[in-house]
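Here's the structure we're looking at; comments come further down.
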Amino acid sequence: MAILLVFLGLWELGANSKLFLPIMPSASQTIADLWFWISNPFFDNGPNDQGIGLLLLTSLRRVLSGFLIGTAIAIPLGILIGLSPVVSKAVDPFIQILRPVSPLAWLPLGLALMRDSERTALFVIAITSIWPTLINTKFGVSNVDPAYLNVAHTLGASRWRIITKVILPAAAPNIVSGLRISLGIAWLVIVAAEILLSGGIGYFVWNEWNNLKITSIITAILIVGLVGLLMDYLFGVLQHRVSFGQRS
């Protein structure tokens with residue numbers, strides 16, 4: 001708390017002393033604008049004048065939808081790759097080529113394929129959030145302790161039962177870790193995607209920049225950061241429980 005108060009004090013002093021550009025607001029102005037947005041977050045005066053709560057719900061809906069699409073692809077594919085060294089060698093070059101591609105590079109392709117901004121947002125979120133889950137799932141599946149597999153084979157377990165009762169529980173901490181990273185990437189991507197598309201918290205940031213309302217942009221940054229922190233915390237709890245359950 002003391003660090004925050006010192007930071008706000010220096011910010012206020014710098015703004016009042018004209019150390020920043022004229023468009024940079026003071027800390028007190030930013031706090032006042034922050035209160036305006038969070039005190040009435042769900043007003044709706046049209047598509048270009050909505051409360052921060054409605055915009056946030058739009059972004060969250062897109063993120064979770066795209067994230068679930070990516071997850072539905074990444075986990076089964078990661079299991080398949082992890083179980084087969086041949087498939088792993090065949091697919092790995094494609095993963096290494098596509099994984100580092102910037103989310104913004106997928107936007108024009110998404111618009112050309114989907115012809116719709118909403119579907120394009122889901123496409124970009126899904127394709128950029130696939131990789132951490134895919135790679136972690138593959139790693140977890142391929143590194144299951146052979147002793148577990150030998151015991152299961154000795155007991156006559158079927159291939160499907162070995163996957164569901166031995167491999168997936170053993171790989172669960174890695175899978176959840178990948179999901180945690182993927183969700184963080186999805187939340188990171190949505191702001192950039194919505195700046196170029198429409199609606200949501202990203203479009204709000206771009207619109208407020210066009211209006212030179214830096215206080216609103218800072219408000220959006222804080223809210224995006226807090227929501228991201230909350231989602232990461234929830235996945236951290238899940239990851240701890242999965243890991244603890246495995247150890248016990």
Side-chain angles (χ1 to χ4, degrees), residues 1-68 103-104 107 117-118 120-122 124-125 128-129 179-238:
M1 181 60 70
I3 295 176
L4 176 61
L5 292 175
V6 170
F7 172 75
L8 292 175
L10 292 175
W11 180 1
E12 185 76 17
L13 179 63
N16 292 332
S17 303
K18 309 299 181 183
L19 296 178
F20 310 136
L21 291 175
I23 62 171
M24 185 64 186
S26 65
S28 57
Q29 290 172 324
T30 303
I31 293 172
D33 195 62
L34 173 65
W35 176 249
F36 166 78
W37 286 110
I38 64 175
S39 61
N40 185 21
F42 296 106
F43 69 84
D44 188 355
N45 298 325
N48 293 320
D49 189 13
Q50 294 182 335
I52 199 78
L54 291 177
L55 298 170
L56 187 61
L57 290 177
T58 298
S59 295
L60 282 171
R61 174 178 54 79
R62 288 171 170 170
V63 165
L64 294 178
S65 298
F67 170 72
L68 290 175
L104 298 182
L107 274 172
S117 61
E118 187 71 21
T120 298
L122 299 183
V124 172
I125 293 167
T128 53
S129 65
L179 291 171
R180 183 179 184 181
I181 299 171
S182 289
L183 184 59
I185 291 175
W187 189 236
L188 179 70
V189 166
I190 190 61
V191 175
E194 287 177 340
I195 284 177
L196 298 180
L197 299 174
S198 62
I201 200 75
Y203 181 75
F204 171 79
V205 169
W206 183 246
N207 196 44
E208 294 304 288
W209 167 247
N210 289 331
N211 295 326
L212 295 180
K213 294 188 67 175
I214 306 300
T215 54
S216 298
I217 295 174
I218 296 173
T219 295
I221 290 172
L222 289 174
I223 291 175
V224 166
L226 289 173
V227 172
L229 178 65
L230 176 61
M231 292 192 295
D232 184 74
Y233 171 77
L234 294 175
F235 259 97
V237 171
L238 176 60

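Nothing fancy with the numbering, it's 1 onward along the sequence. As the structure is a prediction and not an experimental result, all values here were calculated from the model. In what follows, every heavy atom counts, from backbone to side chain, and hydrogens, waters and symmetry copies are set aside.
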Worksheet item: Under a 4.5 Å cut-off applied to non-hydrogen side-chain atoms, are F67 and L179 in contact?
Response: yes
Discussion item. Side chain to side chain contact (heavy atoms under 4.5 Å, CB included) for Y233 and L229? Distances and angles first, verdict last.
Written reply: CA-CA 6 Å; Y233 171 77; L229 178 65; 5.6 Å; no
Worksheet entry | Exercise: identify the closest heavy-atom pair between F43 and N40 | CD2-O, 3.2 Å
Practice prompt. Of all the heavy-atom pairs spanning V189 and T128, show the shortest one and how long it is.
Written response: CG2-OG1, 3.6 Å
Response to the item:
Here the gap from L19 atom CG to L13 atom CG, rounded to the nearest 0.5 Å, amounts to 7.0 Å
Worksheet, complete the sentence: Smallest heavy-atom separation, G202 atom then I195 atom, equals O-CG1, 3.2 Å
Worksheet item: Where the side chain of E194 meets the backbone of I201, is there a donor-acceptor pair that is under 3.5 Å apart?
Response: yes
Response to the item:
Rounding to 0.5 Å, atoms CG (L122) and OG (S117) come to a distance of 10.0 Å
Worksheet item: Measuring from L10:CG to L5:CG, what's the distance to the nearest 0.5 Å?
Response: 11.0 Å
Worksheet item: Does N211 use its side chain to pair, donor to acceptor, with the backbone of N207 at less than 3.5 Å?
Response: yes
Item to complete: Under the side chain to side chain contact (heavy atoms under 4.5 Å, CB included) rule, what do L54 and T58 come out as? Steps first, then yes or no, please.
Response: CA-CA 6 Å; L54 291 177; T58 298; 5.6 Å; no
Worksheet item: Got more than 12 heavy atoms from elsewhere within 6.0 Å of CH2, W206?
Response: no
Item to complete: Output the distance between atom CD1 (I185) and atom CD1 (I190), rounded to the nearest 0.5 Å.
Response: 14.0 Å
Practice prompt. Provide the closest heavy-atom pair for S28 versus E12 in the form atom of the first, atom of the second, distance.
Written response: N-OE1, 2.8 Å
Discussion item. Would you compute the distance between atom CD1 of I3 and atom CG of L8 and round it to the nearest 0.5 angstrom?
Written reply: 12.0 Å
Discussion item. Using modelled atom types and a 3.5 Å cut-off, is there a donor and acceptor pairing between side-chain atoms of W187 and backbone atoms of V224?
Written reply: yes
Worksheet item: Taking the side chain as C-beta and beyond, is there a heavy-atom pair between W37 and D33 under 4.5 Å?
Response: yes
Item to complete: Just do the side chain to side chain contact (heavy atoms under 4.5 Å, CB included) check on V63 and L183 with the steps written out, would you?
Response: CA-CA 8 Å; V63 165; L183 184 59; 4.0 Å; yes
Worksheet item: Where do V124 and P103 come nearest, in terms of heavy atoms and distance?
Response: CG1-O, 3.7 Å
Response to the item:
Here the gap from L34 atom CG to Q29 atom CD, rounded to the nearest 0.5 Å, amounts to 13.5 Å
Discussion item. I'd like to know if the side chain of S182 reaches the main chain of S129, judged simply by a donor and an acceptor atom lying under 3.5 Å from each other, with no hydrogens or angles considered.
Written reply: yes
Fill in: 4.5 Å side-chain heavy-atom contact, F36 and I52
no
Practice prompt. Give the intermediate values and the outcome of side chain to side chain contact (heavy atoms under 4.5 Å, CB included) for residues L60 and M231.
Written response: CA-CA 11 Å; L60 282 171; M231 292 192 295; 4.2 Å; yes
Response to the item:
Nearest heavy-atom approach of G200 to R62 is N-NH1, 4.3 Å
